[in-house]
Amino acid sequence: MSTTATTVIQPRKLMQEPQNAIVDAPIGDWRAELRENGYAVIKGAIPRGKALEYQRKARQWLKSFGNTELDYENPETWVAKNLPLQSSINTFSAYAIAHEKFMWDVRMEPGVIDAFTKIWGTDELIASFDSLNITFPNRKDVPRKGAWEHVDQSPLRRGMHCVQGIVNLSTAGPEDGGLVVYPGSHRLVDEYFDTETDPCEWTSKDLYWFDHTKLEWFAQKGLRPRKVCADIGDLIVWDSRTIHYGSEPTEASNTIRTVVYVALSPAKLASAETVDCKAEVFRKYGGTTHWPHDNVIVRNYWAILPDGSRDPRDREVPLELPEMSDKLLKLAGVKPY
């Protein structure tokens, strides 16, 4: 008598939502908007004058690579040869930028810390080592990038595990480059994953792309993209389950988009292994993803040119080191609370 072996695929373990402080936020509170729409704008998280000073620091940094031809008043100079290496989404994550003093100063602004404290119900937070975005409108040397909708959370996670943020150091108007979200999509992604995808294909990577075919499922439920407008000094926060992307400025825009990506999470959510990893990245002044407490993937230690060589302008330390205060070291995950 012969038998046929059957392979049983065990279901992957779903990771449930950690505790947060937005569940009971009353209507009218921006946290209720985050809960219902998947995003919110915190007006004046940083005073306008300070935000403009950070914008000046960011632009100084961009001109610190010997690129003397770069002129913020002359669009003809907004070309790749006058800029340090950037990713395809106009962000800078190499050159130790994540640990420049002005970047840490933005993360530690009281209004920024307070917003994430109110989201998570704790002030014992750790930060992502995230990027700087400076997008020049109407660049003549690069093609316009289309929509690239995605969520920054694995289908294996259920509920709100990460809240991302953008600190605006420039105006984000209807025609300017900026965040586009699908309001309410965070409340539907679990249903989409469970009914429209194969669980065997899910991974723990906190990134999932949506092409036009996949987006049609959400469109049939009435969801449409919305450009998020904000002023200088505003903080935009969004649930990582919310479908989103960074839009290019239209031809009508003349705003040089300048934003700092900031994400803070409860330190208690980070495992010992994650803390050790963050400490190593911090010592090397490296950058990570939007996730502060898990899936800490190093973005860049070095700036690598298209030919595979290292950019001779690269830096192993920030141009201006931050003050290694007790507060900063705790936010970096280097020092325990």
Side-chain angles (χ1 to χ4, degrees), residues 17-55 57-58 98-132 160-172 179 181 186 228-240 242 258-270 278 290-293 322-337:
E17 182 177 56
Q19 183 179 358
N20 64 67
I22 75 171
V23 176
D24 300 318
I27 299 300
D29 188 311
W30 61 261
R31 291 174 299 173
E33 296 179 18
L34 175 60
R35 182 184 65 222
E36 297 304 314
N37 296 326
Y39 80 99
V41 179
I42 296 96
K43 303 296 295 181
I46 298 180
R48 181 182 175 87
K50 293 191 74 174
L52 287 172
E53 176 62 18
Y54 292 137
Q55 180 196 97
K57 288 282 189 179
H99 302 283
E100 285 288 341
K101 183 178 186 301
F102 78 89
M103 295 284 282
W104 271 108
D105 287 347
V106 168
R107 293 182 190 115
M108 295 192 296
E109 275 286 333
V112 173
I113 298 289
D114 179 67
F116 284 95
T117 295
K118 288 179 177 176
I119 289 170
W120 294 111
T122 178
D123 60 0
E124 295 187 351
L125 302 165
I126 55 173
S128 62
F129 305 151
D130 223 320
S131 307
L132 171 71
M160 189 180 78
H161 284 257
C162 182
V163 175
Q164 300 167 231
I166 288 174
V167 175
N168 284 266
L169 306 181
S170 59
T171 301
L179 180 70
V181 298
H186 66 304
V228 182
C229 295
D231 296 319
I232 297 171
D234 290 352
L235 168 65
I236 306 172
V237 293
W238 69 98
D239 187 322
S240 287
T242 303
T258 310
V259 303
V260 174
Y261 298 101
V262 178
L264 305 175
S265 296
K268 65 182 181 182
L269 297 181
K278 285 182 71 73
H290 304 301
W291 280 70
H293 65 277
E323 178 187 350
M324 298 299 175
S325 64
D326 183 75
K327 179 179 180 181
L328 184 150
L329 294 174
K330 287 179 178 178
L331 282 171
V334 174
K335 187 173 182 178
Y337 283 93

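The chain is numbered in sequence order, starting from 1.
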With rounding to the nearest 0.5 angstrom, report the [atom1] to [atom2] distance, [X] to [Y].
X    : Y    : atom1 : atom2 : value
W238 : H186 : CH2   : NE2   : 14.5 Å
I232 : L52  : CD1   : CG    : 4.5 Å
K330 : L125 : NZ    : CG    : 12.0 Å
D123 : L331 : CG    : CG    : 10.0 Å
D130 : W291 : CG    : CH2   : 13.0 Å
I126 : L269 : CD1   : CG    : 7.5 Å

Hey, does [Y] have a side-chain heavy atom less than 4.5 Å from the side chain of [X]?
X    : Y    : result
V262 : F116 : yes
W120 : V163 : yes
Y261 : I166 : yes
E323 : L328 : no
V260 : M103 : yes

Minimum heavy-atom distance [X]-[Y], with the two atoms named:
X    : Y    : value
S128 : H290 : CB-O, 3.6 Å
P26  : A32  : O-CB, 3.4 Å
L235 : V112 : CD2-CA, 4.3 Å
H161 : H293 : O-CE1, 3.1 Å
P292 : A127 : CB-C, 3.7 Å
K278 : A332 : CE-O, 3.5 Å

Donor-acceptor pair, side chain of [X] and main chain of [Y], under 3.5 angstrom:
X    : Y    : result
K118 : R31  : no
T258 : Q55  : no
S240 : C162 : yes
E17  : M160 : yes

| request: Using the test salt bridge (charged side-chain N to carboxylate O under 4.0 Å, His left out), find all partners of K101 that sit at least two apart in sequence or belong to another chain. | output: D105
| message | So for atom NZ, which belongs to K43, do other residues, nucleotides or ligands contribute more than 12 heavy atoms lying within a distance under 6.0 Å? | response |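 Yes, because the 6.0 Å sphere around NZ of K43 holds more than 12 heavy atoms from other groups.
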Please tabulate, for side-chain N and O atoms in residues 18-25, each donor-acceptor pair with protein atoms closer than 3.5 Å (sequence neighbours left out).
unit_1	atom_1	unit_2	atom_2	d
N20	OD1	I22	N	3.0
N20	OD1	V23	N	3.4

| Mind checking what makes ring-ring contact (aromatic ring centres under 6.0 Å, His included) contact with F102, not counting sequence neighbours? |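 Testing F102 for ring-ring contact (aromatic ring centres under 6.0 Å, His included), a comparison that skips the adjacent residues, returns none.
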| field | Verdict with reasoning, E100 to V106, per side-chain contact (heavy atoms from CB on, under 4.5 Å) | value | CA-CA 10 Å; E100 285 288 341; V106 168; over 6 Å; no
